[in-house]
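Data block below; observations after.
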Amino acid sequence: MSKTKYVTHLCPSCGREAKMEIVGTMDGDGHKVWYRCTRCHHSSMFDSAVPKKQDTVLKLIKDECISYSPEKIYTVGQSIYHTDWDDMGRVTAKEKTSNGGFAIVVAFEKSGARRLIENLQAEA
Ligand SMILES: [Zn+2]
């Protein structure tokens, strides 16, 4: 003998919070459950599947990335794409190199934090 389970749920038929009797689940999908309202006796199906949590990490979109080239100048927060590494990253800092050049620190998705030359001046 299985006990009849009841839940309180908003009934789509009578539009009220009602005591619903669990009638059964959909075959092969435990998330979809049939309930029968004890008020109006209408059966309704509810999907109890918890919506997937949004990825908190901001995903980089390749189309929005600027392809990396040493001659370009970048700003912190910019998304860049390194064609040779096939890797996307975000500029986290700007630095001056020891020889007076410019560099950016990029947090790459695959390669991790990397230092890249920017604003490269053509040799005179
Ligand atoms: Zn109802």
Side-chain angles (χ1 to χ4, degrees):
M1 269 283 287
S2 62
K3 261 201 269 177
T4 311
K5 282 200 244 170
Y6 291 97
V7 289
T8 306
H9 208 297
L10 185 74
C11 173
S13 284
C14 59
R16 283 192 268 190
E17 283 271 337
K19 219 164 129 185
M20 314 280 271
E21 182 191 341
I22 297 170
V23 184
T25 53
M26 282 276 281
D27 286 341
D29 192 342
H31 294 303
K32 292 193 171 77
V33 184
W34 284 97
Y35 296 97
R36 195 191 296 122
C37 180
T38 53
R39 281 175 186 266
C40 66
H41 302 287
H42 270 283
S43 293
S44 321
M45 194 189 68
F46 293 113
D47 196 337
S48 64
V50 183
K52 275 219 169 83
K53 242 189 167 180
Q54 281 283 304
D55 217 334
T56 47
V57 178
L58 196 65
K59 265 284 175 204
L60 295 168
I61 302 151
K62 202 166 164 181
D63 291 345
E64 292 175 1
C65 292
I66 301 150
S67 55
Y68 170 72
S69 147
E71 297 84 25
K72 287 183 188 169
I73 300 165
Y74 301 90
T75 54
V76 172
Q78 248 179 350
S79 305
I80 70 166
Y81 174 70
H82 199 294
T83 36
D84 292 348
W85 302 343
D86 185 32
D87 207 353
M88 291 178 285
R90 200 175 290 273
V91 181
T92 56
K94 281 166 82 89
E95 285 180 0
K96 264 203 169 167
T97 60
S98 50
N99 53 16
F102 299 94
I104 47 169
V105 182
V106 184
F108 279 103
E109 285 189 326
K110 287 185 272 187
S111 316
R114 292 293 182 101
R115 225 168 181 223
L116 297 169
I117 298 297
E118 72 156 355
N119 196 10
L120 187 72
Q121 306 293 317
E123 304 243 350

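Order of listing sets the numbers, starting from 1, for every ligand and every atom in it. Worth knowing before you read on, the calculation uses all heavy atoms, side chains too, and leaves out hydrogens, waters and symmetry mates.
Under 2.8 Å from the Zn ion (ligand 1) lies an N/O/S atom of C37, whether from backbone or side chain. Metal site remark for the Zn ion (ligand 1): H42 contributes no N, O or S atom at a distance under 2.8 Å.
Following chains of ILVMFWY side-chain contacts shorter than 4.5 Å, one can reach W85 starting from Y74, so the two form part of one hydrophobic cluster. Cluster annotation: F102 and I104 are assigned to distinct hydrophobic clusters (Ile/Leu/Val/Met/Phe/Trp/Tyr, side-chain heavy-atom contacts under 4.5 Å, transitive).
Vertex the Zn ion (ligand 1); arms to C14 atom SG and C40 atom SG; angle 120° (nearest 10°).
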List the steps, then state whether side-chain contact (heavy atoms from CB on, under 4.5 Å) holds for I73 with K94. CA-CA 10 Å; I73 300 165; K94 281 166 82 89; 3.9 Å; yes

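Separating the OG atom in S43 from the CD atom in E21 is a distance of 8.5 Å, to the nearest 0.5 Å.
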